[in-house]
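Shown next, in C-alpha cells, is the structure this report addresses.
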Amino acid sequence: MDRLHVILVGGGIGGLTAAIALQQSGFKVSIWEQAEELSEVGAGLTLSKNANRAMRSLGLADKLDNIGFRPKSSGSKDLMTGIIHHKSSAPGDVRVAKGEVDPDPDARFRMFHRADIHGLMAKIILDNDPDAIHLGHCFDSLEQSSETVTVTFKNGHSVTGDLMIGCDGNRSVVRQSMFGEDSVDFLGYVAWRGLVPIDSLPPGTIDTDTSVFSGKHRSVVRYKIRGGKTINFAAYAQKSDWVDEGWSVPARKDELVELFSDTCLEVQHLIKNIPPETCFKWGMFGREPMSTWTDGHVSLLGDAAHPMLPFLGQGAGMSIEDGVVLARCLKAASSVEEGLQRYENARCARTALVTIGARFNGLRMHGTIERALEDRAKEFDPIIINDYNPATVPV
Ligand SMILES: Cc1cc2nc3c(=O)[nH]c(=O)nc-3n(C[C@H](O)[C@H](O)[C@H](O)COP(=O)(O)OP(=O)(O)OC[C@H]3O[C@@H](n4cnc5c(N)ncnc54)[C@H](O)[C@@H]3O)c2cc1C
C-alpha cells in the first residue's frame, strides 16, 4: 500500500492537510486545484484543541506559532450594550467554564490569516515533492475500475491514480458526480466578513483579544490575527432574503452599517473601519449529514463530505482531522477499499455530531432556540468536541 498514488481534488485547508499527512505516511500525492494560483480568501481562521493536536502530530505546531496569534483574553458580550457577560484569560480552553485549567499546550486557540497557513502548508508539500500541486485544473468527471481511478479536468487533462479524494469544498462537484444533485436549504443566515487594521480604530476600542457579541437575530465575532495588528471581523444576521452561498460576493458596507446601527460602540467602530475592498457577504445553506461518502476507490473529505455552519468554528478543524485520520486508515489497511471504509467509519458520526451542534449553536447565539432544543443543545459538551485527538483515535 505504501506507494499508492492518491489524487486529491481541491487544495483548500482539508486537501493540504491530507497531502502532508499522506506524504508523511509514504504515499505519493497529487493535488489538483481549480484556481490558477495558490491563494486563500482574505479572512481569519481559528483552530481549537482538536485541530491544534492534528497539526502537532504533523510536526507543524512550532511553525504555526510563528505565523499565528495566540490570544490571551476573550469576552462574551451583549451585542447592544457591549457589556461583558463572561471573560476568560485562556481563550479556547473549554475546561475554564468548569473551573479547571487544561495543561495541554494545544488547548488554547491559534488564530490565523488564512493565506498565511495556506502558504505554509503548500510550501511543506512542495518541499517534499515539487510536482505535487497542479493549478488551473477544474474537476470534470471520474471513472473507476476495480484497481484505479481516472479523473478528467475541464481543460482536457486527465490523471490516473489508485484512489481519489474529493476535497473540493461545500459545493463539491465530486460529491455531485458520486451522489447526484444536492438537496440544499437556505438556512436563513447571511454573513459579512472584513479585515480591520487595528491602527484605524479609535484608541481603546479593542479590549479583549477575541470577542463574541450575541443578540436577538444578530451576532458578531471578532479576533486578532497577524501579530495582533489586524482584526478579523464576521457579522451574522438571520434574514429571509436569499444570498449567494459563495464566500466572495462583494458587499455594500452601507447595508451592514444600517443593519447594525443600533449595536454597541465597539461593533460600530469595527464596521466603520472595514476597508470596503475587504467587505464580502454570503448566505448559509444546509445539507443533511451524509451516512456514506465513499464509493469504491473514491471518497470525500472536509466540507465536501460534511459542510457545516460556522457557529462552532469547527469546519476547518473537521477537514484537518479528516486528513490525519485518512492517512492513518490507509496506512493501517491492506487494501484501498478497507482503508476508505475505515476512514468513513471513523469520521461519519463525529462530523455529523459537530454539524448538528453548529446548527444548534447558531440558534442559541441568535436567541432563537426553542425551549425543547435548548436541552438537546446542552448535549454538545465542548469538551467532547475539543478533546478528540485524530492522531490517536481508534481507526
Ligand atoms: C464565516 C466563516 C468562518 C469560519 N471560521 C472557521 C474557524 O474559525 N475555524 C474553523 O475550523 N472553520 C471555520 N470555518 C469553516 C472553514 O472555513 C471550512 O470548513 C474549511 O475551509 C473547509 O476546508 P476544505 O478544504 O474542505 O474546503 P475549502 O476550503 O472550501 O477548499 C476547497 C478547495 O477546492 C477547490 N475546488 C472547488 N471546486 C473544485 C473543482 N471543481 N476542481 C478543483 N478544485 C476545486 C477550491 O478552489 C478550494 O481551493 C468558517 C467558515 C465560515 C463561512
Side-chain angles (χ1 to χ4, degrees), residues 7-19 31-41 43-52 54-55 68 92 109-114 117-118 121-122 133-142 151-155 157 159 164-177 187 189-194 210 212 219-223 225 232-236 245-248 280-285 300-323 351 354-355 358 362 385-386:
I7 298 169
L8 301 173
V9 172
I13 187 91
L16 296 184
T17 309
I31 298 178
W32 303 82
E33 163 60 45
Q34 66 178 0
E36 294 292 341
E37 58 182 271
L38 272 181
S39 63
E40 247 292 354
V41 291
L45 181 68
T46 298
L47 299 188
S48 50
K49 181 177 175 182
N50 48 314
N52 284 332
M55 292 301 194
F109 289 139
R110 287 188 171 91
M111 298 173 149
F112 304 92
H113 189 294
R114 282 171 189 258
I117 189 166
H118 204 259
M121 296 180 83
I133 301 181
H134 306 263
L135 301 172
H137 286 76
C138 184
F139 173 89
D140 185 54
S141 60
L142 69 90
V151 181
T152 303
F153 300 94
K154 287 210 158 52
N155 59 11
H157 185 84
V159 59
M164 189 210 105
I165 310 292
C167 319
D168 54 336
N170 60 348
R171 288 189 289 182
S172 170
V173 285
V174 175
R175 181 180 64 227
Q176 289 183 33
S177 80
L187 293 184
Y189 293 100
V190 179
W192 290 260
R193 65 179 169 86
T210 88
V212 176
S219 64
V220 166
V221 176
R222 66 110 184 113
Y223 54 85
I225 54 173
N232 180 71
F233 173 91
Y236 305 92
E245 189 178 14
W247 265 60
S248 300
F280 296 90
K281 77 171 181 181
W282 67 100
M284 290 185 200
F285 291 73
L300 300 171
L301 180 148
D303 277 6
H306 39 70
M308 62 183 66
L309 292 176
F311 300 121
L312 283 176
Q314 282 291 348
M318 292 302 112
S319 309
I320 290 166
E321 289 181 4
D322 283 350
T351 53
V354 179
T355 302
I385 295 177
N386 282 35

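Along the sequence shown, residues carry numbers from 1. Quick caveat, the model's predicted, so the values are computed rather than measured. Whatever order the structure lists ligands and atoms in, that order sets their numbers, starting from 1.
Of the candidates Arg193, Gln314, Arg114, it is Arg114 that places a heavy atom closest to atom 4 (C) of ligand 1. The closest non-hydrogen atom to atom 12 (N) of ligand 1, taken over Ser319, Ser177, Gly317, Ala316, comes from Ala316. The heavy atom nearest to atom 2 (C) of ligand 1, considering only Gly44, Ser48, Pro310, is found in Pro310.
Using a 4.0 Å cut-off to heavy atoms of Gly315, the atoms of ligand 1 that qualify are 10 (C), 11 (O), 12 (N), 15 (C), 18 (C), 19 (O). Of all atoms in ligand 1, numbered sequentially from 1 with element shown, those under 4.0 Å from a heavy atom of Val9 are 42 (N), 43 (C). The Thr46 neighbourhood of ligand 1 comprises atoms 7 (C), 8 (O), 9 (N), 10 (C), 11 (O), with distances under 4.0 Å to a heavy atom of that residue. Less than 4.0 angstrom separates some heavy atom of Trp32 from each of these atoms of ligand 1: 43 (C), 44 (N). Interface of Cys167 with ligand 1, defined as ligand atoms under 4.0 Å from a residue heavy atom, comprises 32 (C), 33 (C), 34 (O). Near Gly302, the atoms of ligand 1 lying under 4.0 angstrom from a non-hydrogen atom of the residue are 26 (O). Atoms of ligand 1 lying under 4.0 Å from any heavy atom of Gly14, numbered from 1 in the order shown and given with element: 24 (P), 25 (O). Numbered from 1 in the order shown, with element, the atoms of ligand 1 that lie under 4.0 Å from a heavy atom of Tyr236 read 1 (C).
Of the heavy atoms in Val173, only side-chain atoms (C-beta onward) come closer than 4.0 Å to ligand 1. Here Met308 has no heavy atoms under 4.0 Å from ligand 1, in either its backbone or its side chain. With a heavy-atom cut-off of 4.0 Å, Met318 does not touch ligand 1 at all. Here Ser172 has no heavy atoms under 4.0 Å from ligand 1, in either its backbone or its side chain. Counting heavy atoms under 4.0 Å from ligand 1, residue Trp282 touches it through the side chain alone.
Within the structure, ligand 1 lacks Ala234 among the residues with a heavy atom less than 4.0 angstrom away. Heavy-atom distances between His137 and ligand 1 reach below 4.0 Å in at least one pair. Assignment of Ala191 to the shell around ligand 1 is not supported, since no heavy atom sits closer than 4.0 Å.
The minimum heavy-atom distance linking Gly15 with Leu8 is given by the pair O-CD1, 3.5 Å. Closest of all the heavy-atom pairs between Leu16 and Ala122 is CD1-N, 4.3 Å. Considering every non-hydrogen atom in both Trp282 and Trp192, the closest pair reads CZ3-C, 4.0 Å. Here the shortest heavy-atom pairing between Glu36 and Leu135 reads O-CD1, 3.6 Å.
Evaluated for a ring-ring contact (aromatic ring centres under 6.0 Å, His included) with Tyr189, the options Phe285, Phe311, Tyr236 yield exactly one hit, Phe311. For the side-chain contact (heavy atoms from CB on, under 4.5 Å) test with Gln314, the passing option among Asn386, Ile320, Thr355, Thr351 is Asn386; the others fail. Just one residue in the list Asn50, Thr46, Asn52 forms a side-chain hydrogen bond (donor to acceptor under 3.5 Å, both in side chains) with Ser48, and that residue is Asn50.
Of the N or O atoms in Cys138, none lie within a sub-3.5 Å distance of an N or O in ligand 1. Taking any N or O of Asp303, backbone or side chain, at least one lies under 3.5 Å from an N or O belonging to ligand 1.
The distance from atom CD1 of Ile31 to atom CG of Leu38, rounded to the nearest 0.5 Å, is 8.0 Å. Distance CD/Glu33 to SG/Cys167: 10.0 Å, rounded to 0.5 Å. Atom OG1 of Thr17 and atom CE of Met55 lie 4.5 Å apart (nearest 0.5 Å).
When the side chain to side chain donor-acceptor pair (under 3.5 Å) test is applied to Asp168, the partners found at least two apart in sequence or on another chain are Ser172.
Ring geometry for His134 versus Trp32: interplanar angle under 30°, hence parallel rather than tilted (30 to 60°).
The main-chain N or O of Ala304 is found under 3.5 Å from a side-chain atom of Arg175 such that the two form a donor-acceptor pair.
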